[in-house]
Number of protein chains: 2
Amino acid sequence: MIKVLVVDDEPQIARALRINLSAHGYEVTTAADGAQALRAAAAVVPDLVVLDLGLPDMDGSEVIEGLRGWSKAPILVLSGRAASAEKIAALDAGADDYVTKPFDIGELLARVRAATRRSGPGSDSPVTAIGPVTVDLAAREVRKDGDEVRLTPTEWQLLEVLLRNPGKLVSQRELLHRVWGPNYDRETNYLRQYMAQLRRKLEADPARPVHLLTEPGMGYRFRP
Amino acid sequence: MIKVLVVDDEPQIARALRINLSAHGYEVTTAADGAQALRAAAAVVPDLVVLDLGLPDMDGSEVIEGLRGWSKAPILVLSGRAASAEKIAALDAGADDYVTKPFDIGELLARVRAATRRSGPGSDSPVTAIGPVTVDLAAREVRKDGDEVRLTPTEWQLLEVLLRNPGKLVSQRELLHRVWGPNYDRETNYLRQYMAQLRRKLEADPARPVHLLTEPGMGYRFRP
DNA sequence: GACACCTTTGACGCGTTCTTGACGGCCGAT
DNA sequence: ATCGGCCGTCAAGAACGCGTCAAAGGTGTC
């Protein structure tokens, strides 16, 4: 989840930003003045900062410089002042973008996307741990005791359905539908075949599975 | 010297931008329409693109997408249209900033500084090492045991997609989409053909690839 | 107009994966 | 205790996907 720090002393604007950003999947922290902003930034280490100039306690450039001292996160400045000199000062202090109020919320979100797009796809990918095995669904990579395990396409699809429903029971019908297609309803032998292969590759003791469980007569379940 | 590509069909604006940017130490190339822009970008490999929308031959988004396939260089869009929808479209197509005309030249320069500041010291020379081979994506240069290796445009695009997702599996569909276009879904023979060429040029033993790996039935993966 | 280079297309052999069928064991129901 | 259903396992043939070679378009250059 991308973390955004919103700095604004006007509660309504801060609230509106929080709601809109949260609705689009960002994790939002807010601060009402410069001192709070710097403290919050140190605490949450945001991936992006939306900064309103004209804070009660500090000058905008000071806040930017305070952040830039240790963070490379993009800073998107909001301001009521449209004068070019203000914009130039903020940008040269280290801001990445400058939007004048009143602003269109859609445009702001687009600028947030543009800013996070650059620094975004750097590192993080969600890995699921299954005992001694780690599964990276995005990279399509499985490691068991450090070295990689190869899965066939069908094995991947089956594992993915189970892993995306952690702890939940997935019926045989649903598994067959999502992996083989809607025309497959009763081919439970496929499931037996591939579940056995997955256990052989992922479980410490394939005969006594701990994470890939059978619910007789119903379906299968992945237990983290 | 930082290289800037200015794309504008109005000669006066292009001239004004060239003069101002040159005066501030940038190396400026100009193009008057979309086709010229894409060709010039391929030739000079700019560090930043200033792009006027409303070109005579192509839609703005097309130009942006055409550039984004090649390069990560910041794109600063100029436009006479102030509508939010236009801005959002351009930013989501891959632009980094959007300035409406008439613009203040000082502000534009500040935005140029802000954009180049990010990409400048951060990813200065993204040279990737593949065993005895080094790949410099920005400079479009490949060296194997010191000598230069020539890649065709298609080979470059394919290699770039893979290198930008180190360790991650890239599906056949995504590769086809990003290199040949969204209408290509099942032409896996293209991939086989060009992967073989890349391996012949980059791998020590093309028959036993170590870095450009095949995941049967799914896609390809670059392992650093 | 000839040439060189790149892209597109077709075909073949081979290894891997998928599909299919059959068998035995465990468990609950009769 | 017996039976039937369900699951795990094993072992085939069939089908698919990949690497490779070869050759036909296509485009720009000299």
Side-chain angles (χ1 to χ4, degrees), chain A residues 140 142 148-159 162 169-173 175-176 178-181 183-221, chain B residues 35-36 38-40 42-43 69-70 140 142 148-160 162 169-173 175-176 178-181 183-221:
Chain A
R140 284 275 131 100
V142 176
E148 64 185 276
V149 179
R150 297 202 37 195
L151 299 188
T152 72
T154 310
E155 288 165 3
W156 266 114
Q157 290 188 51
L158 184 56
L159 181 65
L162 290 170
L169 168 74
V170 187
S171 72
Q172 303 179 341
R173 277 199 53 181
L175 286 171
L176 285 167
R178 309 225 355 214
V179 177
W180 279 271
N183 296 329
Y184 291 76
D185 276 325
R186 258 166 273 285
E187 284 79 352
T188 61
N189 45 331
Y190 291 8
L191 294 177
R192 281 182 273 147
Q193 173 70 11
Y194 280 95
M195 286 304 299
Q197 291 183 23
L198 281 179
R199 287 178 180 144
R200 221 171 295 144
K201 293 183 178 180
L202 302 183
E203 289 277 1
D205 182 0
R208 249 171 294 281
V210 183
H211 299 102
L212 300 171
L213 308 178
T214 303
E215 300 283 349
M218 320 252 319
Y220 291 86
R221 181 197 306 275
Chain B
Q36 271 186 43
L38 294 177
R39 222 170 316 131
W70 273 78
R140 300 257 124 177
V142 176
E148 184 175 340
V149 178
R150 284 175 47 97
L151 297 187
T152 72
T154 308
E155 288 166 3
W156 265 115
Q157 290 188 47
L158 185 56
L159 181 65
E160 180 161 7
L162 289 170
L169 180 134
V170 188
S171 72
Q172 315 180 105
R173 277 198 53 177
L175 286 171
L176 285 168
R178 308 224 358 214
V179 177
W180 280 272
N183 295 329
Y184 292 77
D185 274 325
R186 257 165 271 284
E187 284 78 354
T188 60
N189 44 332
Y190 291 8
L191 294 177
R192 282 183 272 149
Q193 176 68 16
Y194 279 94
M195 285 303 299
Q197 292 183 22
L198 282 178
R199 292 207 254 245
R200 223 171 292 143
K201 294 183 177 178
L202 303 182
E203 289 276 2
D205 181 0
R208 247 171 291 283
V210 182
H211 299 103
L212 299 171
L213 306 178
T214 302
E215 300 282 350
M218 313 207 297
Y220 291 86
R221 181 197 306 274

Nucleotide D:dG19, atom C1' - distance to CG of B:L212 in whole Å
14 Å

Report the residues that fulfil side-chain hydrogen bond (donor to acceptor under 3.5 Å, both in side chains) with B:T214, sequence neighbours left out, ordered by chain and then residue number.
B:R199

Going by heavy atoms in the side chains, are B:M195 and B:L175 under 4.5 Å from each other?
no

Using a 4.0 Å heavy-atom cut-off, does A:Y184 contact any base of the nucleic acid, only the sugar-phosphate backbone, or nothing at all?
nothing

Please encode protein proximity along nucleotides 21-30 of chain D as a string of B, S and -, counting only heavy-atom distances under 4.0 Å.
BB--------

Taking salt bridge (charged side-chain N to carboxylate O under 4.0 Å, His left out) as the definition, give me every residue that meets it alongside A:E148, ordered by chain and number, with sequence neighbours left out.
B:R223

Please write out the pairs of protein N or O atoms and N or O atoms of nucleotides 15-18 of chain C separated by less than 3.5 Å, giving the distance to one decimal.
from: C:dC18; atom 1: OP1; to: A:T154; atom 2: N; distance (Å): 3.1
from: C:dC18; atom 1: OP1; to: A:T154; atom 2: OG1; distance (Å): 2.5
from: C:dC18; atom 1: OP2; to: A:T152; atom 2: OG1; distance (Å): 2.8
from: C:dC18; atom 1: OP2; to: A:Y194; atom 2: OH; distance (Å): 3.2
from: C:dC18; atom 1: O5'; to: A:Y194; atom 2: OH; distance (Å): 3.1

As a quick check of understanding, evaluate side chain to side chain contact (heavy atoms under 4.5 Å, CB included) for A:Q157 and A:R178, giving each step before the final call.
CA-CA 8 Å; A:Q157 290 188 51; A:R178 309 225 355 214; over 6 Å; no

Whole angstroms only, please: what is the OH-C1' distance between B:Y190 and D:dC18?
17 Å

First locate atom CG of A:L176, then atom CG of A:N183, and finally report the distance between them rounded to the nearest 0.5 Å.
11.5 Å

Spacing between A:Q157 atom CD and C:dT19 atom P, to the nearest angstrom:
10 Å

Could you tell me which residues satisfy salt bridge (charged side-chain N to carboxylate O under 4.0 Å, His left out) with B:E155, sequence neighbours excluded, listed by chain and number?
B:K201

Check B:P216 against A:P153 and note the closest heavy-atom contact, atom names and distance.
O-CG, 3.4 Å

To the nearest Å, how far apart are B:M218 CE and D:dC18 C1'?
14 Å

Take atom CD of A:E203 and atom P of D:dT9, then tell me their distance rounded to the nearest Å.
11 Å

Would you mind writing out the side-chain donor-acceptor pairs for residues 185-193 of chain B within the sub-3.5 Å range, not counting sequence neighbours?
from: B:D185; atom 1: OD1; to: B:R173; atom 2: NE; distance (Å): 3.3
from: B:D185; atom 1: OD1; to: B:H177; atom 2: NE2; distance (Å): 2.7
from: B:E187; atom 1: OE1; to: B:D185; atom 2: N; distance (Å): 3.3

Take A:L159 and A:L202, measure what side chain to side chain contact (heavy atoms under 4.5 Å, CB included) needs, and give me the verdict at the end.
CA-CA 10 Å; A:L159 181 65; A:L202 302 183; 3.8 Å; yes

What is the distance, rounded to the nearest whole Å, between atom CD of A:E187 and atom P of C:dG21?
10 Å

Let me know the distance between CG of B:L176 and P of C:dT7, rounded to the nearest Å.
15 Å

All ring pair (Phe, Tyr, Trp, His ring centres under 6.0 Å) counterparts of A:Y194, not counting sequence neighbours
A:W180

Any pair with a residue in residues 208-218 of chain B that passes salt bridge (charged side-chain N to carboxylate O under 4.0 Å, His left out), sequence neighbours left out, goes on the list, sorted by first then second residue, please.
B:D205-B:R208, B:E215-B:R221

Need to verify one output field. Residue with the more 5' nearest nucleotide on DNA chain D, A:E215 or B:T214?
A:E215

Treat primed atoms plus P, OP1 and OP2 as sugar-phosphate and everything else as base, then score nucleotides 22-30 of chain C 5' to 3': B for base contact with protein heavy atoms under 4.0 Å, S for sugar-phosphate contact only, - for none.
---------

Give the rounded distance in Å between these two atoms: CG of A:L198 and C1' of D:dC7.
16 Å

